[in-house]
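The next block holds one structure in the form of structure tokens; read it before the comments.
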Amino acid sequence: MTEFRVRECMGTVISVELASGGSPALLDEVFAWFDEVDARFSTFKPDSEVCRFDRGELALPDASADLRTVLDRCADLWRETDGYFDGYAGGRLDPSGFVKGWSVQVASDRLLAAGAVDHCVNAGGDVRVRGQSPAGRPWRVGIRHPWNASASCHVVSGTDLAIATSGVYERGHHVVDPHTGRPAVGLRSVTVVGPDLGTADAYATAALAMGPAGVRWLGGIAGYACVVVTDEGRKLSSSALSSVG
């Protein structure tokens with residue numbers, strides 16, 4: 001029996017669909033995890049671990065294993081992206097560009113380990129799918145059209161995909177180029193598809209920060225594909241990522 005739940009959390013809407021092997025108790029565990037992530041990593045809650053660490057009130061050895069994991073991975077991603085993914089780009093610690101995708105990836109890994117081999121977890125457009133949909137076919141995931149919230153500009157299909165999108169269609173050009181300190185322009189939407197959602201999330205943010213140069217950079221990353229929409233409305237996609245009808 002399919003289990004489905006949707007709830008606001010972490011400043012977005014999260015939905016979890018278990019096509020097989022699920023239960024209401026398992027959904028409870030998933031959303032308890034997201035509540036834990038929100039409490040620990042929110043940059044809007046003064047008592048969160050991230051805020052306390054940023055203010056110097058929490059030493060790294062005293063931080064949780066999850067916070068240390070996130071900080072280590074953000075440092076790795078800073079190096080991988082030539083500094084374009086920067087948790088301090090806004091002047092204070094904000095690992096949100098990695099945390100949302102990472103938290104969904106962890107939730108999906110836990111569902112798989114618990115026997116829910118067919119599922120879809122969607123946190124505000126960052127999506128992790130595994131196995132089959134309730135119809136017994138590969139999952140189909142639409143990528144939001146950057147000028148029409150009710151339409152898709154691309155659809156991908158698969159049984160084991162992590163899909164992360166970073167765009168400026170809701171908050172304007174809010175992603176800062178860390179090298180200039182100014183909002184990046186040139187790209188309207190960047191979607192990265194690959195095996196790990198935290199990494200895909202960070203790559204999408206980095207490419208958006210790079211502007212048009214991000215398209216060429218994404219093309220050189222092994223194991224990940226992309227769909228990019230420019231400010232002029234041109235859609236570019238990796239040859240490895242064909243659109244499905």
Side-chain angles (χ1 to χ4, degrees), residues 1-45 47-50 63-70 73 95-144 149-150 152 154-166 191-202 204 223-224 244:
M1 178 183 295
T2 299
E3 299 284 349
F4 178 80
R5 188 176 301 175
V6 58
R7 183 161 71 77
E8 290 187 12
C9 187
M10 302 196 307
T12 189
V13 176
I14 300 177
S15 65
V16 181
E17 184 171 10
L18 311 180
S20 68
S23 68
L26 193 54
L27 287 175
D28 289 343
E29 292 177 15
V30 170
F31 280 97
W33 160 246
F34 287 128
D35 287 336
E36 180 183 338
V37 171
D38 190 38
R40 178 164 289 142
F41 292 100
S42 173
T43 58
F44 299 100
K45 298 178 178 179
D47 60 342
S48 72
E49 262 198 276
V50 159
S64 67
D66 282 340
L67 179 57
R68 294 196 301 272
T69 294
V70 165
R73 186 65 185 121
S96 303
F98 171 73
V99 164
K100 187 173 69 164
W102 165 78
S103 67
V104 173
Q105 180 70 41
V106 171
S108 176
D109 291 345
R110 292 181 178 182
L111 286 170
L112 187 64
V117 296
D118 303 303
H119 64 258
C120 173
V121 185
N122 184 340
D126 283 355
V127 184
R128 189 66 171 93
V129 297
R130 278 185 158 121
Q132 305 288 328
S133 72
R137 294 189 291 269
W139 296 91
R140 292 164 52 89
V141 180
I143 297 171
R144 175 181 160 170
S150 62
S152 297
H154 203 92
V155 179
V156 295
S157 177
T159 59
D160 189 2
L161 296 175
I163 306 161
T165 299
S166 184
T191 298
V192 176
V193 181
D196 181 83
L197 190 55
T199 301
D201 200 3
Y224 288 82
V244 299

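Nothing here was measured: the structure is a model prediction, and the numbers come from that model.
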Is there a donor-acceptor pair under 3.5 Å between the side chain of [X] and the backbone N or O of [Y]?
{"X": "T69", "Y": "A65", "value": "yes"}
{"X": "Q132", "Y": "D118", "value": "no"}
{"X": "S48", "Y": "S42", "value": "yes"}
{"X": "S103", "Y": "K100", "value": "yes"}

Exercise: identify the closest heavy-atom pair between [X] and [Y]:
{"X": "D126", "Y": "A164", "answer": "OD1-CA, 3.4 Å"}
{"X": "G223", "Y": "P195", "answer": "O-CD, 3.5 Å"}
{"X": "G124", "Y": "T12", "answer": "CA-OG1, 3.2 Å"}
{"X": "G21", "Y": "L26", "answer": "O-CD2, 4.0 Å"}
{"X": "L67", "Y": "A63", "answer": "CD2-CB, 3.7 Å"}
{"X": "T2", "Y": "P134", "answer": "OG1-CB, 3.8 Å"}

If you measure from [atom1] on [X] to [atom2] on [Y], what distance do you get to the nearest 0.5 Å?
{"X": "L27", "Y": "R5", "atom1": "CG", "atom2": "CZ", "value": "4.5 Å"}
{"X": "T199", "Y": "W102", "atom1": "OG1", "atom2": "CH2", "value": "12.5 Å"}
{"X": "T159", "Y": "W139", "atom1": "OG1", "atom2": "CH2", "value": "11.5 Å"}
{"X": "F34", "Y": "E8", "atom1": "CZ", "atom2": "CD", "value": "14.5 Å"}
{"X": "H119", "Y": "E17", "atom1": "NE2", "atom2": "CD", "value": "11.0 Å"}
{"X": "F44", "Y": "M10", "atom1": "CZ", "atom2": "CE", "value": "13.0 Å"}

Notebook entry, point to check: With no hydrogens and no angle check, do the side chains of T191 and R144 hold a donor and an acceptor under 3.5 Å apart?
Noted result: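 There is no such pair between these side chains.
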Notebook entry, point to check: Do S64 and R40 get their side chains close enough for a donor-acceptor pair, meaning under 3.5 Å?
Noted result: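 Their side chains do contain a donor-acceptor pair, which is all the 3.5 Å distance test asks for.
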State, yes or no, whether a side-chain contact exists between [X] and [Y] at a heavy-atom distance under 4.5 Å.
{"X": "L111", "Y": "V16", "result": "yes"}
{"X": "V117", "Y": "L112", "result": "yes"}
{"X": "S108", "Y": "L197", "result": "no"}
{"X": "V129", "Y": "V141", "result": "yes"}

Next item on the list: Please name all residues satisfying ring pair (Phe, Tyr, Trp, His ring centres under 6.0 Å) with Y224, sequence neighbours left out, ordered by chain then number.
Entry: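 Residues passing ring pair (Phe, Tyr, Trp, His ring centres under 6.0 Å) with Y224: Y203.
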Next item on the list: Please lay out, stage by stage, how F4 and S15 fare under the test side-chain contact (heavy atoms from CB on, under 4.5 Å).
Entry: CA-CA 7 Å; F4 178 80; S15 65; 4.0 Å; yes
Check: In a check of side chain to side chain donor-acceptor pair (under 3.5 Å) between R128 and each of D160, D196, D109, which one passes?
Finding: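 For R128, the side chain to side chain donor-acceptor pair (under 3.5 Å) test succeeds with only one of D160, D196, D109, which is D160.
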Check: Between W33 and R110, is there a cation-pi geometry (under 6.0 Å to ring centre, at most 45° from the normal)?
Finding: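 Pair R110/W33 counts as cation-pi.
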Item checked: Working for side-chain contact (heavy atoms from CB on, under 4.5 Å), residues E36 and D66 -> CA-CA 10 Å; E36 180 183 338; D66 282 340; 3.9 Å; yes
Next item on the list: Output yes when K45 and D38 qualify as a salt bridge under the 4.0 Å nitrogen-oxygen rule, no when they do not.
Entry: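 Salt bridge flag = yes for D38 with K45.
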